[in-house]
Number of protein chains: 2
Amino acid sequence: MLDVAKAANVSVATVSAVINGSAPVSPELRSRIEQAIQVIGYKRNAIARSLKLGTTRTVGLMVADITNPFFTDVVAVIQDVLHRAGYAVMLCCNDEDVEMQDEQIELLIDRSVDGLIIAPAGDDETLKRIIAGANLPTVLIDRLLDGIDTDAVVLDNRRAVQDATLYMIGLGHRRIGYISGSLETSTGRERLAGYKAALEAAKLPYEDDLVRIGNFREKDAYKATMQLLTSAERPTAIFSANNLMVIGVMKAIRDICLKCPEEVSVASFDDFPWADVFQPHLTTIAQPVQAIGEQAAQLILDRLSGKSPAAPRRLVLQGRLMIRESCRPVSLTPRAIA
Amino acid sequence: MLDVAKAANVSVATVSAVINGSAPVSPELRSRIEQAIQVIGYKRNAIARSLKLGTTRTVGLMVADITNPFFTDVVAVIQDVLHRAGYAVMLCCNDEDVEMQDEQIELLIDRSVDGLIIAPAGDDETLKRIIAGANLPTVLIDRLLDGIDTDAVVLDNRRAVQDATLYMIGLGHRRIGYISGSLETSTGRERLAGYKAALEAAKLPYEDDLVRIGNFREKDAYKATMQLLTSAERPTAIFSANNLMVIGVMKAIRDICLKCPEEVSVASFDDFPWADVFQPHLTTIAQPVQAIGEQAAQLILDRLSGKSPAAPRRLVLQGRLMIRESCRPVSLTPRAIA
DNA sequence: CAGCCTATTCTAAACGTTTCGAACGTGTCA
DNA sequence: TGACACGTTCGAAACGTTTAGAATAGGCTG
């Protein structure tokens, strides 16, 4: 910028004025400066600008698992709308791990992001302290944090799972296995609550043996399903609390030489692009990923531009049960044998 | 930092010295300063540091499609190793679009990233000019750019597709449809070349009608497959040049009421976690995503630390044909009817 | 004891912006 | 003609670091 100023024979203040349009500049100088910018190929240094302005036009985005199609779909739309608003996105992934999560958040804050969009791995105190301490516009997605009162967009997880479970019960299933995500997350807890609520509504007993706690990943779900299916009285149906885990569930079913849906019915949270082209066509709960992403991005943009109400806004969206073919009436299911 | 200096009654230079360990400081002052840092809760401002040092410890990562599991797998490992090396990752996605690509790269460069890892959407001149002009350490992944000579890690696409095609030919298929990715990309071109090479090696004629150019996305692949399957003499097998497209292929097959593999064999580039649990078990070419990510990250780290050889390094990895059940001998395939 | 060396600490410039307030020239009005 | 307002331009400080080189103090050597 100094070079430009020299070349155009003006002060840096004037150059800054024409670049930012922040002050009136005579047409003559303006064109001289613009020309000098062209000639020199000048690009404003965003770092220096950030230092002075205290703003980076960058938002930090941390999701639990970048390998999970649900998150990547959401990330893609967030990225898209933020980019249109002139913001860059710094992406991290905590790998469903709280230690990693703290590190990553520190890294984002260290880089002076202007705001944070987070799908937390777990409910640890350190994270909450960091978030509170950073005093940045923050929006939580997918998962809430106990005692942290910020903007958020989440699903009505309880209702969605309740509906799905009720659907299975409606098919006559009485022993429904449940592969849970981590109970450290609000989604893990809410989804399980939905399962329990459905049981209760149907006056079915809740059995501890039927629920296994995983961590939203395929491997643990595989083990959990194995246990479920080799137990004394195996369930006639299984619900998986997310998309990655259902793959583990299906692998276990395959390895144990059972057939879905003939011998075990399966349903799962999160829809897939291929859910109705590969067999068995999975019955799932579809999340409105587009809306989640858009709303999250909009919430943070509103905060950043200071035009949000002071009170945090909490958006709760509804899932949609996509009934396909992986669940069938229990009357058609051969009796489970110990 | 000024506050810390005041609190400890020393100069900022000394504070800086203890924070960075860049100069010897007496134990007494050191502890006084460390204490002051604790009390104040001081955090060094990375922006100011970047401005002074001209380095951000951030690398820009642009992939073609963040929704594509291949890319997300690679991104995850790159992110992981860079994080361990103290680098943050700024992620963009060009959406397989060259305009977007230019914008995104500008955005990254504008943010003063220290290096670039790119899976380019296409071979446009603007991008090349920007890359050349930025004069940043750059590594290309997955796709090369004609005339840009940087570090890169790619797959031996030609060989992989040739093997897969030869495998199908070995099963007796003579009319093999090919759903290509964009020929603007090196992967698009190389994979098609592999298909052609296999045909040639088997002394089979290359027929224009059998190949359809998509853009690596599901929707176009669906249309392309529809055309292929409704053509006068439909192919007995179809190869899809990537993972997203094969879903379109399968949807088209379903919608046209054909059965895979009974009536059409299918194989595809890129493996899936669920490829051998949902039916039909897809035959695919698995890419070594872990290795690709690790090597790409290592290449950029080496460049950044200045310990690379001057000449660009180009790593070529091999794919692995995962033979499952979506291809069957043509003798078992009912004769295709016009 | 003077001179010198070493170890530690400090001063101040620099990184590239933005912006406040001052300065300047010109025209208007009383 | 002097006072003043207005429109434009500029000088300089500030953002929070790093670092070269100066300064200081103390100890050693001859």
Side-chain angles (χ1 to χ4, degrees), chain A residues 1-37 39-58 86 88 106-107 109-114 134-136, chain B residues 1-37 39-58 86 88 106-107 109-114 134-136:
Chain A
M1 184 150 125
L2 191 68
D3 300 332
V4 173
K6 272 184 188 142
N9 201 28
V10 296
S11 77
V12 289
T14 313
V15 176
S16 177
V18 354
I19 290 175
N20 300 307
S22 50
V25 174
S26 68
E28 191 206 354
L29 281 206
R30 172 185 308 280
S31 77
R32 222 159 75 206
I33 290 170
E34 277 165 353
Q35 201 177 339
I37 289 176
V39 173
I40 296 190
Y42 166 80
K43 285 266 165 65
R44 152 172 91 191
N45 180 320
I47 300 291
R49 177 165 223 258
S50 291
L51 176 58
K52 184 65 191 172
L53 261 27
T55 192
T56 52
R57 290 194 81 76
T58 299
E106 289 274 23
L107 182 129
I109 293 176
D110 184 64
R111 293 295 193 289
S112 301
V113 295
D114 292 343
N135 197 28
L136 283 176
Chain B
M1 182 150 126
L2 190 66
D3 300 331
V4 174
K6 272 184 188 139
N9 200 28
V10 296
S11 77
V12 289
T14 313
V15 177
S16 177
V18 353
I19 289 174
N20 299 306
S22 51
V25 174
S26 69
E28 191 208 355
L29 282 205
R30 173 185 308 279
S31 77
R32 222 160 72 206
I33 290 170
E34 277 164 352
Q35 201 178 336
I37 289 177
V39 173
I40 298 191
Y42 165 79
K43 283 267 164 67
R44 154 171 90 191
N45 180 320
I47 300 291
R49 179 166 222 257
S50 290
L51 177 59
K52 183 66 193 170
L53 261 25
T55 193
T56 51
R57 290 195 80 76
T58 300
E106 291 274 25
L107 182 131
I109 292 175
D110 183 64
R111 294 293 193 289
S112 302
V113 295
D114 291 344
N135 198 28
L136 284 176

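These figures come from a predicted structure and were not determined experimentally. The sequence lines fix the lettering, A, B, ..., with proteins before strands; numbering per chain opens at 1.
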*asked:* Which nucleotide wins on minimum distance to the side chain of B/Lys52, given the candidates C/dA14, D/dG11, C/dG16?
replied: C/dA14
*By nearest nucleotide on DNA chain D, pick out whichever of B/Ala13 and A/Ala48 is the more 5' one.*
A/Ala48
*Roughly how far, to the nearest 0.5 Å, is CZ of A/Arg32 from CD1 of A/Ile37?*
13.0 Å
*Euclidean distance, atom CG of residue A/Leu2 to atom P of C/dT18 [Å, nearest integer]*: 13 Å
*asked:* If the cut-off is 4.0 Å, is A/Asn20 near the phosphate of C/dT18, judged by side-chain N/O to OP1 or OP2?
replied: yes
_Would you say A/Ser26 places a side-chain N or O within less than 4.0 Å of OP1 or OP2 belonging to D/dT8?_
no
*OP1 or OP2 of D/dG16 under 4.0 Å from side-chain N/O of B/Arg49*: no
*Respond yes when some side-chain nitrogen or oxygen of B/Arg44 is under 4.0 Å from OP1 or OP2 of D/dT18, and no when none is.*
yes
_Return the OG1 to CG distance between B/Thr14 and B/Asn9, rounded to the nearest 0.5 Å._
10.5 Å
*Establish, with yes or no, whether the OP1 or OP2 oxygen of C/dT9 is under 4.0 angstrom from a side-chain nitrogen or oxygen of B/Thr14.*
no
*Working to the nearest 0.5 Å, report the span between CG of B/Leu53 and CD1 of A/Ile47.*
11.5 Å
*Rounded to the Å, how far apart are B/Asn45 CG and D/dG16 C1'?*
6 Å
_Evaluation steps, side-chain contact (heavy atoms from CB on, under 4.5 Å), between A/Arg111 and A/Thr58_ = CA-CA 9 Å; A/Arg111 293 295 193 289; A/Thr58 299; over 6 Å; no
*Grab the CG-P distance between B/Leu53 and D/dA20 for me, whole Å please.*
11 Å
*Calculate the interatomic distance between B/Met1 atom CE and D/dA14 atom P; express it in whole Å.*
17 Å
*If you look at every strand shown and take non-hydrogen atoms under 4.0 Å, does B/Leu51 touch a base, only sugar-phosphate, or nothing?*
base
*Compare side-chain N and O positions of B/Ser16 against OP1 and OP2 of D/dT18 and report whether any pair is under 4.0 Å apart.*
yes
*Rounding to a whole Å, what distance do you find between A/Lys43:NZ and C/dC15:C1'?*
20 Å
*asked:* Quick check: on DNA chain C, is the nucleotide nearest A/Ser22 upstream (toward 5') of the one nearest B/Leu29, or the reverse? Name the residue that is more 5'.
replied: B/Leu29
*Rounded off to whole Å, could you give me the CD-to-P distance for the B/Glu28 and C/dA7 pair?*
18 Å
*Any sub-3.5 Å donor-acceptor pair from A/Asn20's side-chain atoms to A/Ser16's backbone N or O?*
yes
_Nearest-angstrom distance from the residue atom CD1 of B/Ile47 to P of C/dT18_ = 14 Å
